[in-house]
Each structure stands twice: as structure tokens, then as C-alpha cells.
Amino acid sequence: MTGFVLTKIATQLVYPLVLSIALSLVGLGMLARGRTRRAGAVLGASLALLWVASTPVVSFLLNDTLEGRYAAVSPEETPSAGAIVLLGGAVEPASPPRNQVDLNEAVDRIVHAARLHRAGKAPVIIATGGGIPRSGAAQTPADTTADLLVEWGVPRAAIWIEGMSLNTYENATETRKLLAARGIDGPILLVTSAAHMWRSMLLFESAGVTAIPAATDFMLGRLDLGDPLAWIPNAGSLRGTDSAIKEYLGVLVARLRGQITSGPH
């Protein structure tokens, strides 16, 4: 648990907003000591970093390198497999002030998995995701996801729970154990957000799970470079840049830890 929390904190520290604030503090410290020229350079770099990271064009290009690897395929055209593995991240716990589970923008994952099952592409859905230490929730995300799948028409008997994992690497390793215990050795359909699919595929295949990508939750649309708004920073674009950085950083860290052994897709 401690390692999980420390990893989350370390990730936050490399996001552009945090780095920009850190540079600003350094610049202000220099300014207070009379180092005007150096302070100006550092403060300028801080502003430039935040401006670039918040620009729609930059956010689009970074995320296109992730989402562009996988096409959106309808449930009917998706190949059949032994199981549908649904990665978590789409639900927020029913903790105060909420008295019900909240669905975030990644809810497309749950919808797509349900549609794949309805289309007969696999006999079971494996809902993944263990509890997060600071959530205070009574259920794991996997349990909550399973409840939603049942509510949306998937039979309870067709849902398996993998509620031990805390990150994508553990999703892969714990799913491999579950598949082995249930006697499934063929390919699985891996359902997650398009931007998250590259890292997920690398981790699952490195864990020994043959996966077919079933990407959903595509964030990108069209971008007109001639539109002035494409060059004006906004909070949504900064969030998109953070999301892309998280994926690339996740792949880098996983490679350094030996969790990814396969090459790029």
C-alpha cells in the first residue's frame, strides 16, 4: 500500500502544473536575493512550460500518439475470445458527500464491455480493480463495476471479480492468475480507454496474457490548426497533457522495473 501511495505522489510531482509552480518558487527566491536576470529566466521558463502544456495543439498531439495506435471497432466486428477483461478506473466510491457511486468519463469502458458480452464475443467479463487506500469505500471498484454490469443486463454468473490489483501491472498479473485458475488459456479482449491501451497491452502481454485490444473512451476529435482557440491555453488541455504524460511515464517506469519485456506495438 505504501509503495502504491508513493508512486501516485511521485507521478503528481512531474506534471507540468507542479513543475511550473516549483520553478516559480525558485524564481521568486532568486528575485528576493537580487538575482534579477536569472529570476526572470526561471519565471519565464515556468510560464512557458505551463502555456505549452495547456495548449490544445500540444495536448492533442501527445494524446494522438496514444489513441492513434488503436482503431475504434464495433462490438459486432470485434473478434471472439475466452473472456472480456474490463480494467477499472470508471467509478468513484459512494463516500461522503456522495451517497451513490459516481461514474466518471471512463464509464465507456463498462458500457463497451457490456456490449461486447451482449454481442456474444466472450462468455464472461472479468471486472478488475482493488480498493484504493484513501477511498474509504466499502466495495472495491471491481465489485461496484460488477453491480453496474448486472444493472445493465449482464448476468451475475457471467461476471468474475479480480479485486486485488491497485494498478495496471497488478491488473495484468492478477488476471493471469485468475485465467489460469479458471482454465482459460486463449486470448482475451482487453477493454480500457484508448489512451491507456498501449501501456495496458504491453503489461498484459509481458505478464503472459494474450490480449486483443478493444479500445473505447476515445477523447480526441478533429483539431483545426487554423482555429485561434487551438493555440490558447485552457484547463481541459492541461488535463489532457497530464494524462498523456502519465501513460508515457508509466511505460518508462514499468520498463525500468522489468514489468514490461515486450517491444512497442
Side-chain angles (χ1 to χ4, degrees), residues 4 69-71 73-91 106-132 139-194 196-217 250-251 254 257-265:
F4 171 79
R69 296 170 183 266
Y70 303 96
V73 181
S74 69
E76 293 72 24
E77 295 176 335
T78 300
S80 297
I84 298 164
V85 177
L86 170 58
L87 299 192
V91 296
V107 70
D108 288 358
R109 301 181 187 186
I110 304 177
V111 175
H112 193 53
R115 287 173 175 167
L116 287 169
H117 184 268
R118 192 180 307 121
K121 297 303 177 178
V124 296
I125 297 176
I126 300 176
T128 71
I132 299 177
Q139 285 188 314
T140 67
D143 292 321
T144 302
T145 298
D147 289 343
L148 288 171
L149 287 169
V150 171
E151 186 176 336
W152 296 344
V154 179
R156 176 68 71 173
I159 304 171
W160 298 349
I161 301 294
E162 183 286 287
M164 299 296 294
S165 57
L166 295 178
N167 53 42
T168 310
Y169 168 69
E170 292 181 5
N171 287 159
T173 56
E174 293 298 328
T175 296
R176 181 197 62 211
K177 296 175 186 177
L178 181 57
L179 291 171
R182 300 294 182 98
I184 296 179
D185 57 4
I188 57 95
L189 292 174
L190 185 58
V191 177
T192 190
S193 302
H196 183 52
M197 184 61 77
W198 177 51
R199 178 158 60 106
S200 301
M201 286 290 292
L202 290 172
L203 285 166
F204 269 76
E205 294 194 352
S206 295
V209 180
T210 302
I212 300 170
T216 186
D217 186 30
V251 170
R257 289 179 173 176
Q259 297 169 349
I260 291 178
T261 56
S262 60
H265 288 265

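Values reported hereafter were calculated over all heavy atoms of this structure, with side chains retained and with hydrogens, waters and symmetry mates removed. If you're wondering where the values come from, they're calculated on a predicted model, not measured in any experiment.
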Ignoring hydrogens, what is the shortest heavy-atom contact between [X] and [Y]? Give both atom names and the distance.
{"X": "T261", "Y": "G258", "answer": "CG2-O, 3.9 Å"}
{"X": "N171", "Y": "S165", "answer": "ND2-OG, 2.5 Å"}
{"X": "I184", "Y": "A83", "answer": "CD1-CB, 4.2 Å"}
{"X": "P75", "Y": "L116", "answer": "CA-CD2, 3.7 Å"}
{"X": "L149", "Y": "A114", "answer": "CD2-CB, 4.0 Å"}
{"X": "G130", "Y": "P141", "answer": "O-CD, 3.0 Å"}

Are side-chain heavy atoms of [X] and [Y] found at a separation under 4.5 Å?
{"X": "P213", "Y": "L190", "answer": "no"}
{"X": "F204", "Y": "T192", "answer": "no"}
{"X": "M201", "Y": "Y70", "answer": "yes"}

| field | R199: partners by salt bridge (charged side-chain N to carboxylate O under 4.0 Å, His left out), with sequence neighbours left out | value |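 Checked R199 against salt bridge (charged side-chain N to carboxylate O under 4.0 Å, His left out); matches are E247.
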
[atom1]-[atom2] distance between [X] and [Y], expressed to the nearest 0.5 angstrom:
{"X": "L87", "Y": "I110", "atom1": "CG", "atom2": "CD1", "answer": "11.5 Å"}
{"X": "T173", "Y": "L203", "atom1": "OG1", "atom2": "CG", "answer": "9.0 Å"}
{"X": "T175", "Y": "I188", "atom1": "OG1", "atom2": "CD1", "answer": "7.5 Å"}
{"X": "T168", "Y": "I260", "atom1": "OG1", "atom2": "CD1", "answer": "9.5 Å"}

| side-chain contact (heavy atoms from CB on, under 4.5 Å) partners of T216, counting only residues at least two apart |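 If we apply the side-chain contact (heavy atoms from CB on, under 4.5 Å) test to T216, skipping adjacent residues, the hits are D108, R109, H112, V191.
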
| said: Checking P79 now: which residues fulfil side-chain contact (heavy atoms from CB on, under 4.5 Å) with it, not counting sequence neighbours? | reply: I212

Report, one line per pair, each donor and acceptor closer than 3.5 Å where one atom sits in a side chain of residues 176-183; sequence neighbours left out.
from	atom 1	to	atom 2	distance (Å)
R176	NH1	A207	O	3.2
K177	NZ	E174	OE2	3.4

| request: With sequence neighbours excluded, give me every salt bridge (charged side-chain N to carboxylate O under 4.0 Å, His left out) pair touching residues 164-173. | output: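 Counting only pairs at least two positions apart or across chains, no salt bridge (charged side-chain N to carboxylate O under 4.0 Å, His left out) contact touches residues 164-173.
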
| task | Sequence neighbours left out, what pairs pass salt bridge (charged side-chain N to carboxylate O under 4.0 Å, His left out) with at least one residue falling in residues 150-163? | result |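 Listed by first then second residue: D147-R156.
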
Please set out all donor-acceptor pairs under 3.5 angstrom arising from side-chain atoms of residues 118-125, sequence neighbours excluded.
from	atom 1	to	atom 2	distance (Å)
K121	NZ	E76	O	3.1
K121	NZ	T78	O	3.0

| message | Please enumerate all residues that pass side-chain hydrogen bond (donor to acceptor under 3.5 Å, both in side chains) together with S200, with sequence neighbours excluded. | response |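 H196.
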
| query | Can you list the residues that meet the side-chain hydrogen bond (donor to acceptor under 3.5 Å, both in side chains) rule with D143, with sequence neighbours excluded? | reply | T140

